[in-house]
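One structure is given here, and the rest of the page talks about it.
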Amino acid sequence: MLRWILGGREAQGTVEKSAALFIGEEQPKNCFTEMQVLKGHFDIVRFLVQIDDLRFASAGDDGLVLIWNVETGDCLIELRGHTQQITAMISYTFIRGGNAHTALITASSDRTLSLWDPDSGNRVQNISDLQSPVKCLLVLVCLDVWLSGGNELCVWNRDFELQCKTVHHSDAGISAMVELPKNFIAAAMDKEIVIFKLNLSGSDIAVMAMRHLADHQDTIHSLIHINDGLFASGSHIGELIIWDSVDWTIQAYEHILWEEPARDGQSEFKLNHQKQIERSIQHMSSDGEYIVAAIGSGLYVYNVLMKSVVAYRRIAHDSNVLHTVLQQDGRLMSCSEDGSVRMWELQDLPLPAEPASSGFFGMFGTFGRSSKQTGPPAKKIPEVPGLRSLELIGDLIGHSGAVQVRFKEKGLVTCSTDHLLIIWKDGEFQSQLRSLAVFQKLEENQEL
Amino acid sequence: MIGSPDVVAFTKEDDFGDSFSDPCSLPEEFSVPLFAHAANANPWTKTSYAKFSKDFILVSEFSEQVGPQPLLTIPNDPKVCGTFDLNYFSLRIMSVDYQASFVGHPPGSNYPKLNFVEDSKVVLGDSKEGAFAYVHHLTLYDLEARGFVRPFCMAYISADERKIMHQFQELSSEFSKASEFLKSGNRKAFANELEKKLKDLEYTRSVLHKETELQKKNNGCYSTQAIEKANELANVEKSIYEHKDLLKQITSYPSRKKKDVGFVQRETEKLADTSVLDDTLNSNHSDIADKTVLTESDSRKSSYTPQLIKAKSAKCFDKRLKTMEELCDANFFHQTLKQLNITEKSFRGDLCFIYTSQIDRALLGKQRVTSFLFEAEREWENEGTSKNFNISSNNPTVPILNLSGELLSLESYTTCIDIDHIKPGVESMEGPPESSLSDITQETSEAADTETKGSFSSDKSIEAFGGVSPSSLQANYFDGLERKSKVSIASPSESASSYVAVPQRMTDGNLVPMDAACCIGQDGFIFEEPLPELAQECCGDTVVNQEPLSLLQGDPALQVDYILEESALAESPNMGLTFSELNTGVLSEEVAKINIEYVSDSTSFMSTSTSSDRAVSPFTYSSALTLKQKKKAGHSSLRFIRQYPFAQQAIFCLLSGRTLVILGVDEGTVRKLVNALFFFVPNLGKYGETVQPWLSSPFQLTDLQRWKLIGLQRAASPAGSSILHSLNRYSRYISILDSDSKTLRCPPYKGTLISHLADHRTQIKRGSTYFLHVQGMLTQLTAKAFLYTFCHHIHLPMDINDQGSVTSRRTNFLLQLGYTVEESKIVQYLSELIKQHYIQGSSMGGNQSFCFNYTTSYLYKI
């Protein structure tokens, strides 16, 4: 116990972990020096949705939806109504009377769908007795309709009227949906991606399945929109496929297979043990050019345009990475089951030849991919030109359970299995804001 | 009647407008007057010839049966008075005739009139006895007494006449409060008494009426018995009428105006508005109190059975006069006693001491922006009230206005009284914010008052009400002139200039005991004025025209300070301090004595922890942390500094806002360490909310937000390992002082500031001295933090995209102040606290965000 008290920082974890992951307490690039812990939920918090610049909503297994002020950390409204855990939440902005209103749509295991007004806290619409619980929601702004995905795909209009629905699918149901151009929808159902088409004839909308893309070998965990022309899917065994949004052809196929490097025997067993779960693509995020995939406890950055891997880190966290965020400035964040949020920066390697021998590169596994598909041939990493390194620049420790993160201008909000939400703020920036507030108040009171 | 020489004169220099003052010199308000005989006199000799050991309060009555008699002393300890002749002194103080209490049939009125007489306040000296007294006269109403009045007086008796003179304002304020309790209770009791009497009379009348009818029937209309009965009946009816009138008068007693912010300004408008009445009242004050009063009066009403009143009342000397407690409702009487006890305590000690604490308070009062950081939290408004009396009320003060024409029902009257009773501290007119302005207002309103009442009293009023008309001032003033020459008068007004030139402040050394020959009386003392003509006037007159203004009043230069008042705080500009708050230090120490014992945890603070005994430390959560506790902690702190070489680092952590966890097996040791360090915690909170002296459950992230100093149990159990786990996990946010292995893990500190603060080779021996040393240095830090916070050029961006330069300007500013990078963190942390406090007001609670730094920690060992 208490190894740090004896002064031994290196005593933490295995040598491998400490070298790769331990950043220490000195984090000059980490600007989040202020935190605010928000208590209010009684169970795991799973969803965070931004409502506007000031507010965001959180929801989780306790069936509660709480609306918070991101600046003050005050809980503004509690939305109560669901009797079971919330399975999906999305914000829905529509124009009414010339003004944009933002509402929240929530789906719960109690087989209800609700529309909430975050200003008043009213449950504006409610639909119960659904045939199956809804697992995902998607708003189509251009059509002013929204879709719910469960065992079947339903299309709803603004007034919560069911427009149409598909027939019953497999028990797996729809786990994720992505909007494609020309009123097409891609939905992930177990190992398949199904392309649906919304047919508009007058005011009626019909939905029909157009194609089944069955290229994944295992369950699809992640389906994201990259840009107007591309979308990506990731499966349980580490297959990352980039699809063309229009003709649904495969643009790139990566089978990410972390291979452990040649190592001495003592760590072999452990790594072999980890290997099976490590490859699953839990989450992906994209800024249109890059994709960040959370694969096992590692991170993988892929350049869509170049169709090449940019950087990766096989072990980025102590346990599975659940969520990733790609920021504008080439930084990314990853959240893991171990309760930490880590911030990474893409850095150019000092010399292309050196990395292989550098300290952390020694840890890198060799990189392989399945060669049966089209795409760049499998190569060892050091040979990939333009490979950059993913440097840990800071971590946020606060939660004691799995974390999800939402990034906002006014701060970073994380939610966790420990029932807490934390707002992380840039302390320096907050200090300046407070100074401004002080002088504003002085001016108001005419004490200046 | 005792002549004027017994009445000590107050004089003052003329206020010659703005005289030049050296800007560098300490404001006069903060100078403690030097001892008058600085040359060779022993300052302690004075008390030697007094026959009592220390100051005390004497309450006396001028009984219509036995003459002046002492009723009680405070403290109620015969040792205090020693051989001092209370009877004799009662005679002296009561014989400063106080004729303001005219009750009877004034010319042009057929019925007895009650006068709502103002108290008179005089200073009386008896150099033979070595006793000097502030004497506060008041009258209470008693239906059975001659002229319905009973004169009483309360005196503060001290051997030090300078103390009396200098503290006149404060004494007056405190005694006025006590007097207010008595009078409020008395009015209530008197009204009740009148009601009973009226019932008796009405019952008597009905009986008499029946008897008269019977007589008439039996003996004819003109029989002697019938005529007698008719006369008797007529008398009873007259009596009923008179009593009704009295009741009307007493119930129409205008509720005193309440002092609140802006009242002075709004007064005139409000006076016109007669409808500010009970509605607001009833809704605003505590229902419980209301109910109790009502039920009380209800039960009284129902239980009372009228009695037949005999035509001839008992002889004056046959009847037993009511005691003071009976005269005033028992409740009020006990409050008065409490108030007097507080007064006595608060004026204990040397004049210099009182001054120093006054100045201290005055200065602190101006630091509201920063004082929350290291000073003991004071509730400037409510301290006097809520602390002194069990009933505390946070309701906003309600100005109760009732013009004399308007009658209140008895119910609402009692309600009003009850409000007074709840908010006893607020009615005092002493210490108005802007002395000159409000003094005038006061004067005019009191003049108007006396006029409407037809009273001859021109004493200083503390009960100001009624329509204000400046023209009434003069007439009334001359009306009262005669009395002014006999009775000491406190009326700081422009009109006084025609009388005797009155200096605004007493100058040191002017007040000297005079030889008896100088004055007409045998033992008095006056001001020796340097200006000849003034001196002449003084000698010739020896009348107090003006009570000394509080030392802390009236210097405009002083008021240019940084009181950045928020609306909530603005209630008490408090330039002239009311005395109750001046002495809370003394007071709270007393309270602390009582409260130091173990008090069970309050759930609000202990929601997450299951901590056990907290006997060792001062953190009892129910009582405020006092200065005394802090001073005591100074001792442990000194020991800590001598014992632990890394004390500076630990203190640095606390000052820079990094939570310090003191880990240990033994609760006593941990609590001792917490005790040694707690006063370094900025924004400690009134009850030490930011310190958790003993926590036995694993601490959570939210605890970091709440506590800055935590004593944590190290246990061998599984729970213990989870504690260590959480410590490990959050190690970047905390510093850990392991009391078992005597190690400290924290960020490094290299600087000189804290080495001055915590020098292990310090020569300071006493804990309280050390505490004061620390306090001094922390004040210095606070001042820097204040400067840093409010220097706007370093915080405001030059243009929109200027965030970077703000940061560098800030850093440079701190470097220019002479702080190292680490010390800058302290100032920055304090500054953030100041900002938050300023933006959010004193209610810093709620969900605070928690700031930290990413810095490497090192392990320090002994």
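Letters go in sequence order (proteins before strands), and every chain restarts at 1. Everything numeric here is computed off the predicted structure, so don't read it as measured data. Side-chain atoms are counted along with the backbone in the values below, which use heavy atoms only and exclude waters and symmetry mates.
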Can a donor-acceptor pair be found, under 3.5 Å and without considering hydrogens, that links the side chain of [X] to the backbone of [Y]?
X       : Y       : answer
R434(A) : I839(B) : no
Q36(A)  : F850(B) : no
Y854(B) : F32(A)  : yes

- Got a second to check how far F429(A)'s CZ is from T807(B)'s OG1, nearest 0.5 Å? 11.0 Å
- Task: For residues K835(B) and V438(A), report the shortest heavy-atom separation together with the two atoms involved.
- Result: CG-CG2, 3.6 Å
- Message: Ignoring hydrogens, what is the shortest heavy-atom contact between Y838(B) and L442(A)? Give both atom names and the distance.
- Response: OH-CD2, 3.3 Å
- Item | Pick from A437(A), G427(A), G394(A), G398(A) with the largest number of heavy-atom pairs that fall under 4.5 Å of chain B | G398(A)
- Query: Run the side-chain contact (heavy atoms from CB on, under 4.5 Å) check on L420(A) and Q700(B) step by step: do they pass?
  - Reply: CA-CA 11 Å; L420(A) 296 177; Q700(B) 300 169 343; over 6 Å; no
- Task: For the pair D395(A) and R732(B), find out whether any cationic side-chain nitrogen is under 4.0 Å from an anionic carboxylate oxygen.
- Result: yes
- Query: Would you say the side chain of L701(B) lies within less than 4.5 Å of the side chain of H399(A), judging by non-hydrogen atoms?
  - Reply: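 In short, these two side chains do not touch, never coming nearer than 4.5 Å.
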- Residues at least two apart in sequence or cross-chain that pass side chain to side chain donor-acceptor pair (under 3.5 Å) with R810(B), listed by chain then number, are S431(A), S435(A), H795(B)
- Under the side chain to side chain donor-acceptor pair (under 3.5 Å) rule, collect the residues that match up with N853(B), sequence neighbours excluded. none
- Given that the side chain runs from C-beta out, which part of Y733(B) has a heavy atom under 4.5 Å from chain A: side chain, backbone, both or neither? side chain
- Task: Could you tell me which portion of F852(B) (side chain, backbone, both or neither) has an atom closer than 4.5 angstrom to a non-hydrogen atom of chain A?
- Result: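 Both parts, backbone and side chain.
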- Query: Between I422(A) and chain B, which part of the residue has a heavy atom less than 4.5 Å away: side chain, backbone, both or neither?
  - Reply: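 Contact with chain B: side chain only.
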